[in-house]
Amino acid sequence: MRTFYLETFGCQMNEHDSEKVAGLLMAQGLERVEDPWQADLVLYNTCSIREKAERKVFSRLSEFRRPRGEGKLLGVLGCVAQREGLRIFERAPQVRLVCGSASYPQLPELLARAEAGERRLSGLDLAVESTFETPLVCRDSPYRAYVTIVEGCDKACAYCVVPSARGGERSRSSASVMAEIRQLAQQGYTEVQLLGQNVNCYRDPSPAGWDFVTLLARVAQVPGLRRVRFVTSHPRDFGREIVAAIDTYPVLAEHVHLPVQSGSSRVLASMQRLYNREEYLQRIEWIRSARRQIAISTDVIVGFPGETEADFQQTLSLLEEVRFDSAFSFKYSRRPLTAAAARDAQIPEEEKSRRLAALLERQRAIQLRRNGELVGTVQEVLVEDYHPATGQWVGRTSQNRVLNFASAAGDGRSLLGRYVQARVTRAGPNSLVGESLPDLV
Ligand code: 5AD
Ligand code: SF4
C-alpha cells in the first residue's frame, strides 16, 4: 500500500483522531490523497451519534462494492466501527478492516496483517488503559491545535452512544499533555483546544494528580500560547473554579460550551443528565458573574421520548433566560442499545421537526440581538481565512464568534494566523462584520 484516503464524520474528537491516524500512516510511509479512487487504503472515520450520520457512512461504503472497489483496502474506523463491530462485515462485505478509537494504537499491526493477506481484521477492544499517542500528528490547521486530555465517558445519558462507542473515561497523564502543548507552542501554534467528552472530569493518572482546573492553569502559562479553549464541559461537573481560572488567566478564551439538552427538569431526569434546570441556571449565574464576559454555547435535543409540549416550552424559556451566544440543536435520534431507545412515548417525526424549527427560530432571534450588542466594539480576532472574491478576512474572537472583516491596511500583507483588532460594524445571527484597525494590526 502506498496511498491512503481518510474521510471524517462527527465531532472534534473524531477530527483529531483522524489527524493522529493520518500522522501514523504517514510515519509508515503512506502518502495521503484527496480522491478515494486514487487510494490503495480507503478509511472512513465514522460517527454514530445520530442515525443520519451512520446512514451516510453505509452509503459511502456501498460505492466500493465490487467490481469498482476491487483491489482497495476499505476500512471503517470510529464510533460506528466500535458499535456495529463485526456486523459491518455482513452489512458491507467489501469492508476488510473495522477498528474503534480505543484500538488505533494497533492500526499499524492490523494493516500489516491485511497486507500479508488476512481478509478481515478488527480492533474492537474497549478495555484499554492507554490513550492514543502518536509521534506524528498531521494537523489540519497551522494555527489551532487540538489536544486530547481525556477519552471516553463514564456517564450514562439515556440517549447517547458515546460510552458504548468510545468506552469508559481515561485521562492522559499531565506530563504527556504538557509536553505536547509545549512542543506545539514552540512550533508556532498560538491556540490550543483541549478535548474530551467531559473535560471537567480530567484527573491526572500520574502521582502529580492534577485536576482539570490545575491543568487549565498550567496550560494557560505555557509561553507562546494566546488562546486556550476546552470542550466539552458537563454541567454536573462544572465548578466555579473554572470561572475563576478564566478570570485569572487572560489566555483562557472567553467561552464555555455547556450542553443543557433540555430546559425541563422532568426531561433532564429522564435523560439521566444528573442536574436539573435550577442547577444548570446556577452554573450560568457563576459564568455571568465573572469579571470577563464569557460567551456560553450549548447543545439542545428536542423530541426526547416523553417530552410534552409543556416540557418543550420550558426549553424555549430557558433559551430566553440564558440568552446563549450559540446553540446546536438536534431532533432526538433513537440509537440502538441506549436506555431511551426502548421507551414508549417516542415523539413522531413531524412533531420533532416542528419543535426544532420553533427552537431554531427563537435562538436565531436571540443571537441576532446578542451579536447586535457588539456593534461598535473592538474585538481581537485570530485570522483563519481569506475570501478573495469579497476581499474579506475571516477571524474568530475569543468568544468564538466569526468576524468577517476588510483590512484597512490593504497592502496585500497576509494576515493569516495573526491576531488583529477589528471594529464590529454589523451583526448577523451567525457572524459579525467589521473592519480592522490599521494602527493596531
Ligand atoms: N439524538 C439527538 N441528539 C443527540 N446528541 C447526542 N445523542 C443524541 C441523540 N441520540 C446530541 C447532544 C450532544 C451532541 C453532541 O449531540 O446534544 O450534546
Ligand atoms: Fe459522533 Fe459521538 Fe463518536 Fe463524536 S464521540 S464521532 S459525536 S458518536
Side-chain angles (χ1 to χ4, degrees), residues 1-10 13-33 36-48 53-54 56-138 151-152 161 164-168 170 336-337:
M1 281 182 301
R2 287 187 352 268
T3 51
F4 73 95
Y5 170 83
L6 171 59
E7 185 174 343
T8 311
F9 301 84
M13 293 285 284
N14 247 22
E15 293 284 349
H16 185 44
D17 279 349
S18 284
E19 292 182 337
K20 294 191 241 180
V21 169
L24 195 110
L25 296 174
M26 285 158 80
Q28 307 267 309
L30 273 81
E31 186 195 334
R32 184 170 195 164
V33 293
W37 298 105
Q38 303 290 320
D40 303 319
L41 171 64
V42 176
L43 297 172
Y44 291 102
N45 190 4
T46 60
C47 173
S48 179
E54 204 169 300
K56 217 187 271 177
V57 172
F58 282 99
S59 103
R60 284 283 201 290
L61 293 176
S62 68
E63 293 173 27
F64 291 88
R65 276 195 293 247
R66 273 185 228 150
R68 257 193 116 193
E70 198 88 64
K72 290 193 189 304
L73 203 168
L74 184 60
V76 180
L77 310 179
C79 297
V80 176
Q82 190 67 54
R83 276 191 9 84
E84 286 293 305
L86 305 181
R87 281 193 298 270
I88 292 178
F89 293 134
E90 287 159 35
R91 212 165 143 188
Q94 63 279 29
V95 172
R96 287 183 55 202
L97 168 73
V98 168
C99 186
S101 62
S103 303
Y104 292 160
Q106 294 167 32
L107 267 177
E109 183 209 321
L110 293 171
L111 291 171
R113 278 166 49 198
E115 282 211 284
E118 247 180 271
R119 173 80 191 109
R120 285 187 167 162
L121 299 115
S122 61
L124 296 168
D125 197 356
L126 269 185
V128 286
E129 279 304 307
S130 70
T131 47
F132 181 38
E133 309 228 2
T134 65
L136 177 69
V137 179
C138 176
E151 307 220 35
V161 295
S164 66
R166 287 184 168 268
R170 291 134 12 231
L337 302 178

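Computed from a predicted structure; not experimentally measured.
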- Item | Flag side-chain contact, heavy atom, 4.5 Å: T46 against E54 | no

- Report yes if the side chains of R68 and R65 come closer than 4.5 Å at any heavy-atom pair, otherwise no. no

- Query: So which heavy atom on S62 is nearest to which on Q94, and how close?
  - Reply: CA-NE2, 3.8 Å

- Message: With heavy-atom distances below 4.5 Å as the criterion, would you say the side chains of H16 and V137 are in contact?
- Response: yes

- Message: Within this structure, what is the SG-CD distance for the pair C47 and E15, rounded to the nearest 0.5 Å?
- Response: 10.5 Å

- Message: Tell me every residue that passes side chain to side chain contact (heavy atoms under 4.5 Å, CB included) with Q82, counting only those two or more places apart in sequence or in another chain.
- Response: L124, L126

- With sequence neighbours excluded, give me every ring-ring contact (aromatic ring centres under 6.0 Å, His included) pair touching residues 60-85. W37-F64

- Shortest non-hydrogen pair, L111 vs L41, comes out as CD2-CD1, 4.0 Å

- Item | Reported CD-to-CZ distance for the pair E7 and R60, which is rounded to 0.5 angstrom | 4.0 Å

- Item | Any pair counted as salt bridge (charged side-chain N to carboxylate O under 4.0 Å, His left out), so long as it reaches residues 95-105, sequence neighbours left out | none

- Message: Please enumerate all residues that pass salt bridge (charged side-chain N to carboxylate O under 4.0 Å, His left out) together with E133, with sequence neighbours excluded.
- Response: R172

- Tell me, please, which residues at least two apart from R2 pass side-chain hydrogen bond (donor to acceptor under 3.5 Å, both in side chains). none

- What salt bridge (charged side-chain N to carboxylate O under 4.0 Å, His left out) pairs are there with at least one residue in residues 17-32, not counting sequence neighbours? D17-R166

- Query: When rounded to the nearest 0.5 angstrom, what distance separates OH in Y44 from CG in L74?
  - Reply: 7.0 Å

- With sequence neighbours excluded, what pairs up with R83 under the side-chain hydrogen bond (donor to acceptor under 3.5 Å, both in side chains) test? S48

- Note on the structure: The salt bridge (charged side-chain N to carboxylate O under 4.0 Å, His left out) partners of E90 (sequence neighbours excluded) come to none

- Where is the tightest heavy-atom contact between R170 and A102, given as atom of each residue plus distance? NH2-CB, 4.0 Å

- Shortest non-hydrogen separation from S18 to L6 and the atoms involved: O-CD2, 3.5 Å

- Task: Please identify each residue that fulfils ring-ring contact (aromatic ring centres under 6.0 Å, His included) with F9, with sequence neighbours left out.
- Result: none

- Note on the structure: Y104 meets the side-chain hydrogen bond (donor to acceptor under 3.5 Å, both in side chains) criterion, sequence neighbours left out, with N45

- Applying side-chain hydrogen bond (donor to acceptor under 3.5 Å, both in side chains) to T3 and not counting sequence neighbours gives D40

- Query: Atom CZ in F4, atom CG in L25: separation rounded to 0.5 Å?
  - Reply: 5.0 Å

- Report yes if some heavy atom in the side chain of V161 is under 4.5 Å from a heavy atom in the side chain of C79; otherwise report no. no

- Which residue pairs pass the salt bridge (charged side-chain N to carboxylate O under 4.0 Å, His left out) test with at least one member in residues 116-128, sequence neighbours excluded? R113-E118

- Check whether any side-chain heavy atom of F132 lies under 4.5 Å from a side-chain heavy atom of L24, and answer yes or no. yes

- Message: Would you say NZ of K72 has more than 12 non-hydrogen atoms from neighbouring residues, nucleotides or ligands within 6.0 angstrom?
- Response: yes

- Task: Kindly indicate whether the side chain of L97, heavy atoms from C-beta on, has any atom under 4.5 Å from the side chain of L43.
- Result: yes

- Here the pair of heavy atoms bringing L107 nearest to C99 is CD2-SG, 4.1 Å

- What's the spacing between L30 CG and Y5 OH if we round to 0.5 Å? 16.0 Å

- Query: How far apart are the closest heavy atoms of V95 and V98, and which atoms are they?
  - Reply: CG1-CG2, 4.0 Å

